[in-house]
Each structure stands twice: as structure tokens, then as C-alpha cells.
Amino acid sequence: MIAETVCSAVSAAGLGIAVVTAYRKRFLAATRIAAYSLVPVGLVMTGVVGWLADTAFSPTAWAGFGVLGGAWLLFAGTRAVERRRGGTRAERRAARGDQAEAVAPAASAPSLGTGTRPATGSATAPRATGSGDDFGDIEAILKKHGI
């Protein structure tokens with residue numbers, strides 16, 4: 001009975017604030033305040049407040065909340081351990097199988113495949129100017145990437 005009276009008073013005060021806000025030509029804020037102020041009356045009318053009052057003084061309900069909290073802690077703990085390990089056992093087994101396929105056996109081949117341009121002999125031939133070893137490493141890298 002007291003909870004219903006308090007909820008009605010809170011709703012009435014909220015509606016009064018909404019009227020003052022609307023008087024100041026802030027209609028969107030007034031509508032939002034009115035919506036929030038109608039929630040306590042709606043909770044009283046649906047019976048949620050009565051259920052909460054009965055639950056607050058019931059040891060069985062508090063034990064149920066404790067069981068739910070323990071279940072949530074167990075679930076969160078196992079999820080955290082699973083993330084640290086890298087997934088479930090089947091996912092780890094599948095990941096180990098994929099690791100062998102991740103490294104290409106012909107790593108020196110171009111990764112993008114053959115280009116559309118025909119290869120010319122002048123790009124791969126050693127340069128006549130300067131020493132031949134100056135650009136040898138650079139040419140090897142370019143050949144490796146198919147350029």
C-alpha cells in the first residue's frame with residue numbers, strides 16, 4: 001500500500017515537471033519526462049510493485065537470486081577461460097590442422113599469381129652501369145614479388 005502511494009506521488013511530481021517544461025516551450029523534453037513519470041504508475045497497475053514487495057521479504061526468492069548469480073558467475077568464468085585458451089577443444093583441434101596449410105610450400109613464388117603484363121628480359125638482366133652487386137638484392141626482391 002505504501003509502495004503504491006509512493007509510486008503515484010513520484011508520477012504526479014514527474015507530470016508536474018513535464019508541464020513546467022512544456023510551458024518553457026521544450027516540448028520534446030517535456031514528452032520524455034512525462035513518459036518516464038508514467039512508468040511507476042504502470043508498474044503499480046500491472047502488479048509488478050506488489051510482486052517486488054512480496055519478493056523482497058521472501059527468503060526463498062533471495063536464495064533463487066543467489067543461485068542465478070552463481071550460475072552467471074560460472075558461465076562468465078568458463079567463458080573467460082575459453083577465451084584465454086583460444087576456443088573449445090574442437091576449435092583448437094581444427095586450428096592446429098589449419099596451421100599446416102597456412103604456410104605455402106612455394107613461398108618464393110609470387111603470392112598474387114602471374115601478372116597481365118608480359119615479362120621483359122631487360123627488367124631481369126643485370127645492369128651494365130655501376131657495379132653488378134649494388135642492385136642485385138633489390139632485383140631479387142622485385143623478382144620474388146613478381147615485379
Side-chain angles (χ1 to χ4, degrees), residues 1-120 122-124 127 130 133-147:
M1 177 100 174
I2 293 174
E4 290 85 0
T5 306
V6 169
C7 288
S8 299
V10 167
S11 291
L15 289 174
I17 293 169
V19 168
V20 171
T21 306
Y23 180 75
R24 294 180 181 169
K25 307 249 188 235
R26 296 180 56 204
F27 298 111
L28 186 62
T31 305
R32 193 173 295 126
I33 292 170
Y36 281 126
S37 66
L38 290 175
V39 170
V41 170
L43 291 174
V44 167
M45 294 174 80
T46 58
V48 173
V49 173
W51 176 79
L52 284 175
D54 293 339
T55 303
F57 299 110
S58 170
T60 306
W62 283 107
F65 284 125
V67 169
L68 287 175
W72 181 83
L73 285 174
L74 288 173
F75 177 73
T78 57
R79 186 71 181 145
V81 170
E82 186 176 86
R83 284 183 182 166
R84 289 190 75 169
R85 285 188 180 174
T88 62
R89 182 177 296 179
E91 291 171 352
R92 288 192 307 269
R93 207 175 288 150
R96 271 189 246 131
D98 290 343
Q99 284 178 352
E101 299 171 4
V103 178
S108 62
S111 61
L112 298 177
T114 59
T116 58
R117 294 180 285 158
T120 59
S122 64
T124 58
R127 304 263 187 232
D133 290 335
D134 289 342
F135 294 104
D137 294 336
I138 296 173
E139 287 180 4
I141 293 170
L142 293 174
K143 283 181 188 177
K144 181 179 177 182
H145 292 289
I147 298 174

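Keep in mind that the numbers below use all heavy atoms, side chains included, and drop hydrogens, waters and symmetry copies. No experiment lies behind these values; they were computed from the predicted model shown.
- T21 meets the side-chain contact (heavy atoms from CB on, under 4.5 Å) test with I17, R26, A29, A30, I33; sequence neighbours excluded.
- Side-chain atoms of L15 and L38, non-hydrogen and from C-beta on, do get closer than 4.5 Å to each other.
- Formation of a donor-acceptor pair under 3.5 Å by the S58 side chain with backbone atoms of T55 is not found in this model.
- Listed by chain and residue number, F65 satisfy the ring pair (Phe, Tyr, Trp, His ring centres under 6.0 Å) test with W62 (two or more places apart in sequence, or in another chain).
- A side-chain contact (heavy atoms from CB on, under 4.5 Å) with V44 is found for exactly one of S8, S11, C7, namely C7.
- Rounding to the nearest 0.5 Å gives a distance of 11.0 Å between CG of D137 and CZ of F135.
- The only member of V41, V48, V49 that meets side-chain contact (heavy atoms from CB on, under 4.5 Å) when paired with M45 is V41.
- Considering OG1 of T78 and CZ of R83, their distance stands at 10.5 Å, rounded to 0.5 Å.
- Partners of R24 according to the side chain to side chain donor-acceptor pair (under 3.5 Å) rule, which considers only residues two or more places apart in sequence or in another chain, do not exist here.
- Applying the 6.0 Å contact sphere to CG of L73 captures more than 12 heavy atoms from other residues, nucleotides or ligands.
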